[in-house]
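To start, the structure under review is shown below, and the notes come after it.
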Amino acid sequence: MAQTVNVIEIENVVKRYESGQGVVEALKGVDFHARHGEMVTIIGPSGSGKSTLLNMIGLLDTPTEGTVHLDGTDVTDFTEDELTEERRSKLGFVFQAFHLLPMLTAVENVELPSRWDTSVDRRDRAVDLLERVGLGDRTTHTPEELSGGQRQRVAIARALINKPDVVLADEPTGNLDQDTSDTVLTELTRLKDDEGVAIVAVTHDEQLLEYTDRVVELIDGRIQS
Amino acid sequence: MTRLGLLRRFPSVEIAWQNLGRNRARTGLATLGVIIGVVAIVSLGMAGAAIQQQANTNLGSLTNEVSVSSGADSDEDGVTDGQVDDIRSVVVDADVVPQKSNATTLSTRSGERTRVTVSGVTRADVLYETSAGVAPERLRSGALLSADTAAELGLELGDPVEYDGTLYRLRGFIESDEGFGPGGDELVLPVSALSEQEHYDTVTVVAEDGNAATDIADTLEAEFNDEDEEILSVTSFAGTQEDINSFLGTLNLALLGIGLISLVVASVAILNIMLMSTIERRGEIGVLRAVGIRRGEVLRMILAEAAFLGIIGGLVGSVLSLGAGLVLFDVLTGDPMLVFGWESVRYLFYGFGFAVFASVVSGLYPAWKAANDPPVEALRG
Ligand SMILES: Nc1ncnc2c1ncn2[C@@H]1O[C@H](COP(=O)(O)OP(=O)(O)OP(=O)(O)O)[C@@H](O)[C@H]1O
Ligand SMILES: [Mg+2]
């Protein structure tokens, strides 16, 4: 049952941006879903709405129309504070630009999403995750002492610290060369299988498609089927 | 371990501390602004306190005394026994010491001579403090002499001095008063020594404090004098002290105002620096919000950064101001240790408190802005 249910489900989502030059419709009625243990990749030309869709899935932005369900709960009308709680407990993020805090060590960066939750000590899990992405000997290094691929693996460990249901990755290999991308993607898919999370990735990178279970193509704000 | 143990419970504070270490130059400059503000407030406040203290020392014990002498319209050439009794009956809770004055020349066997004022009093202990020997309850047979005069003439306790053909034994030395008022070369004798003078030259009323002295002066004025007849001349220094104090109070406020302005300037600098640093870290704060850090937690983190700037600046500023205060008090009052009196040391607490308060207030807007920045916008950059 749990394996077949959609952890994320988006129905008929429209996102309109109103700016000085008029209204931009970035998403024009999109349906999307992902299951536990599944990796879905969103592709499409630049400006087609991939990041916008990922922001809806990641509860970073709210749709103009349509509904968003996370883990069976309708979160469409959640307040910003409720969305923050959902993101903290159920989602993990990997960004193209890594976005690690420069003054924190690798292990401190990994445990950052759980830092304000003083009731649990995630230090052991953070070290464990770093070991699993092959950085067991780099735990006390700061980001500037790490290579690009190592930084992205720290970011992957950070995305998993709170045992999320879904990990969202916008261009996770966008700043990495081919070999480094391979290492990072291998870690990502292995952790996906170990932890049973859903991964939703956005990419221009053909290489990423080799690791993915399903591909969704977005053109001009619509899913192509 | 203790740092980890304690700070880990306050992640906003711990991360704020780490953030301050990232741009040391900026942190240093912001702190410097606070330091200048605190030093300005504290040292100006302390200067005021030092001036006030010095003024009070100069007025000395005079402020609780009322001095009464024969008025312009009196028929007598002094204050009569009857008037002294009248004064005693009007004045409560105060010592009334009638006194006769004259002058004489003291000489020693070795031929040293000096001119001194002679005061005949009934209660020497009320009016004089002795640095050696004792002020006897009622000076009947002995004499008191200014310590300076005694030193000049080489006189010691127990030595005899002569006045009007009678010998008096020195029973004590009068401490020289730094301020203005009675002092200088003075020989104090029992009032009987000046018995050829019929009336008293002055009557000194020693009250509890300045306020009581003012009340007594008013009562005496009303009792003995009216609009166009002054039988007794009544002088009190309490009013003078009040005037001086109110002037010094105003001066103090003006000085503090100048200090406050510099702290306002410092808090504008903190506002600017915090705003710059949050704008610079917009993406980073967006990431924090994206991974589920609450708005209140981001707010507290940035407020803690501002508070740290205030605390560090306040501490360093206080230490520097204390140094400045020591110098100020040394110059103005001659005793640097007086700076530790509450009247001046309290400005350290005010300065520190204002610094932390102003910094946190300056941090409010940047913190609020950063906490409420939508994470998508922040991440887009
Ligand atoms: N905040 C915004 N205000 C106005 N228009 C926006 C905003 N965000 C996105 N858009 C518009 O929405 C459309 C989709 O943008 P989106 O960032 O989702 O594209 P994308 O598929 O991620 O492109 P890329 O591959 O270049 O990253 C674009 O036309 C863009 O200009
Ligand atoms: Mg994009």
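Here is the naming used below: chain letters follow the sequence lines, and residue numbers restart at 1 for every chain. Values below: every heavy atom of this structure, side chains too, minus hydrogens, waters and symmetry copies.
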Q: Tell me, for B/R289 versus chain A, whether the close heavy atoms (under 4.5 Å) come from the side chain, the backbone, both or neither.
A: both
Q: Run the numbers on A/W116 and B/V298 for side-chain contact (heavy atoms from CB on, under 4.5 Å), then give the verdict.
A: CA-CA 10 Å; A/W116 273 264; B/V298 170; over 6 Å; no
Q: Check whether A/E111 gets within reach of chain B through its side chain, its backbone, both or neither, counting any heavy atom under 4.5 Å.
A: side chain
Q | Closest non-hydrogen atom pair between B/R22 and A/P102, with its separation | A | NH2-CG, 3.4 Å
Q: Determine, for A/D81 against B/R295, whether the closest basic-nitrogen to carboxylate-oxygen distance falls under 4.0 angstrom.
A: yes
Q) With a cut-off of 6.0 Å (strictly less than), are more than 12 heavy atoms of other residues, nucleotides or ligands near CZ of A/F78? A) yes
Q.
With rounding to the nearest 0.5 angstrom, report the CD to CD1 distance, A/E108 to B/I15.
A. 8.0 Å
(Q) Is it the case that atom NZ in B/K369 sees more than 12 heavy atoms from other parts of the structure closer than 6.0 Å? (A) no
Q) Can you check whether B/G292's main-chain N or O pairs, donor with acceptor, with A/R87's side chain at less than 3.5 Å? A) no
Q. Quick one: are A/R115 and B/E297 in side-chain contact, heavy atoms under 4.5 Å?
A. no
Q) In terms of heavy-atom proximity below 4.5 Å to chain A, should B/P375 be classed as side chain, backbone, both, or neither? A) side chain
Q: First locate atom CG of A/D61, then atom CZ of B/R380, and finally report the distance between them rounded to the nearest 0.5 Å.
A: 7.5 Å
(Q) At a 4.5 Å cut-off on heavy atoms, which part of A/L112 comes close to chain B: side chain, backbone, both, or neither? (A) both
Q) Which heavy atom of B/V376 sits nearest a heavy atom of A/L60, and at what distance? A) CG2-O, 3.1 Å
**Q.** A/T84 versus B/I293, closest heavy-atom pair with distance
**A.** CG2-O, 3.7 Å
Q: Under 4.5 Å heavy-atom distance to chain B, tell me which part of A/I161 shows up: side chain, backbone, both or neither.
A: neither
Q | A/Y17, OH atom: more than 12 neighbouring heavy atoms under 6.0 Å | A | yes
Q: Sort out for me which residue in B/V291, B/L288, B/V287 forms a side chain to side chain contact (heavy atoms under 4.5 Å, CB included) with A/P113.
A: B/V291
Q | Salt-bridge contact B/R294-A/E80 (side-chain N to carboxylate O under 4.0 Å) | A | no
Q: Can you establish whether the number of heavy atoms outside B/F329 located under 6.0 Å from its atom CZ is more than 12?
A: yes
Q.
A side-chain contact here means heavy atoms from C-beta on lying under 4.5 Å apart; do A/L101 and B/Q18 qualify?
A. no
**Q.** Heavy-atom contact with chain B under 4.5 Å, split by part of A/E86
**A.** neither
